[in-house]
Amino acid sequence: MAYCDRCSRWFPHDRAREQHYVDSRMHHYCYEHNTHFNSEAHLKRHYQQSHAHEYCATCELRFNGNDDLWSHFEMNHHACRSCFKLFNNRDGLRKHDRDVHTRCTDCQRSFLNQNNLNQHLLSNLHNPSTLTCPGLNCNRSFSSPARLVLHFESGTCPSGMTREELNRLVVRADRNNVITNPSRLLCGPSGCEPPATTKFWATELSFNGEAYECFLCHATYSTLAVLNLHLQSPRHESRIYRCPKSDCGKEFVALSALCQHVEGGSCGVQKFTQVRNVMDSLTRGFNAITIG
């Protein structure tokens, strides 16, 4: 025989008494610890605080193991299994994944650093191509200002826009020198202009016995053609663009490089309202003109 002290009842055996504990509202019993609690609230608090129980307090459900519990959390409660944290909504989990784990929640991909993640988030996977090229006879669209600028700088736009012409337009538009460095520009009574582009060409005399060497930076290349591609690039031109954040100090030869720096958020410059306004104005300026 087995006796229930709380109910003053006898049962034919221990198993019958345990079933009584389950069925009766008078009992709040934990089988794993063989312990009675005064109320259901006390029992639930015990489930939450004890490491022996896998318990979801929100749903008031118990699980057989930690994996089952965290699968439930991930499916229903915006959980980070790595940090054992729960978030109130999906946006909270997304922000946590980006800031702490450099992880894209939508794609379930992790990245080596924050810059790589930011570039991924700016890609066509997450951003529709809404910036239409204003160039004459060009119907291409792009997902970010940096990609549109790269299109112009590459010289492939049917409008005939080049990097040199783009630099002139931007320098004239940036009258307060938020993103351009006046010390590297040619300024006069009528305004500022970027320095003239100097073209260099190498000959067979650039071969140093082992490779073709750039006489400006001493970088070496396997062929003369590759060396000349290097010389025709903006690598050695004046860094007329600068990051507007005073404690960053980075300078850039090409506008596309500055745009990528801002969009990447590596120095936090994108958080400044003035910078966002300049970049938005730049984009609006592209869309407001017809190039060609």
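Side-chain heavy atoms closer than 4.5 Å link hydrophobic residues (I, L, V, M, F, W, Y) into clusters, and following such links, even through other members, never connects L166 to L150. Transitive grouping of hydrophobic side chains (ILVMFWY, heavy atoms separated by less than 4.5 Å) keeps F252 and L216 in distinct clusters. Note: the hydrophobic cluster containing V171 also contains V178 (ILVMFWY, side chain heavy atoms under 4.5 Å, direct or indirect links).
For the residue pair C104 and L117, the shortest heavy atom distance occurs at N-CD1, 3.9 Å. Closest heavy-atom contact between L185 and C192: CD1-CB, 4.1 Å. Nearest heavy-atom pair, C187 versus P182, reported as atom, atom and distance to 0.1 Å: SG-O, 4.2 Å. Across all non-hydrogen atoms, the minimal contact from H120 to F111 is CG-CZ, 3.3 Å. Between L186 and P195, the shortest heavy-atom contact is CD1-CA, 4.0 Å. Closest heavy-atom contact between N181 and E251: ND2-OE2, 3.1 Å.
Under the 3.5 Å distance criterion, the side-chain polar atoms of T180 are left unmatched by any main-chain donor or acceptor of N177. Looking only at distances, no side-chain donor or acceptor of N137 sits under 3.5 Å from a matching main-chain atom of P158. Not one N or O on the side chain of R239 forms a donor-acceptor pair closer than 3.5 Å with the backbone of A254. Counting only distance, with no hydrogens or angles, the side chain of D97 and the backbone of H101 share no donor-acceptor pair below 3.5 Å.
With contacts defined as side-chain heavy-atom distances shorter than 4.5 Å, the pair V253/S238 does not qualify. Side-chain contact between S141 and C133 is absent, with no heavy-atom pair separated by less than 4.5 Å. Contact annotation: the side chain of H261 approaches that of C248 to within less than 4.5 Å [non-hydrogen atoms, C-beta and beyond]. The shortest side-chain heavy-atom distance between H236 and C214 falls under the 4.5 Å cut-off. In this structure, the side chains of K250 and L258 stay at 4.5 Å or more apart for every pair of heavy atoms. Contact check for T197 versus K199: side-chain heavy atoms found under the 4.5 Å cut-off. Residues N167 and E164 form no side-chain contact, since every pair of their non-hydrogen atoms from C-beta on lies 4.5 Å or further apart. Side-chain contact between V149 and L255 is present, with heavy atoms from C-beta onward closer than 4.5 Å.
A salt bridge links R163 with E237: the closest approach of a Lys/Arg side-chain nitrogen to an acidic carboxylate oxygen falls below 4.0 angstrom.
Rounding to the nearest 0.5 Å places NE2 of H96 at 10.5 Å from CZ of R103. How far CG of L148 is from SG of C138: 9.0 Å, rounded to the nearest 0.5 Å.
Ring-plane geometry between F142 and H151 is classed as tilted, the angle between the planes lying from 30 to 60 degrees on a 0 to 90 degree scale.
At most 12 heavy atoms of other shown residues, nucleotides or ligands fall within 6.0 angstrom of atom CG in N176.
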All N/O donor-acceptor pairs, side-chain side in residues 218-227, below 3.5 Å, sequence neighbours left out:
from	atom 1	to	atom 2	distance (Å)
H218	ND1	E213	OE2	2.9
Y221	OH	H230	ND1	2.9
T223	OG1	V226	N	3.2

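Applying the ring-ring contact (aromatic ring centres under 6.0 Å, His included) definition to pairs two or more places apart or across chains, those involving residues 175-203 are F200-F215.
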Quiz item: D91 and K95: side-chain contact (heavy atoms from CB on, under 4.5 Å), yes or no, with the steps?
Solution: CA-CA 6 Å; D91 288 342; K95 184 178 186 304; over 6 Å; no
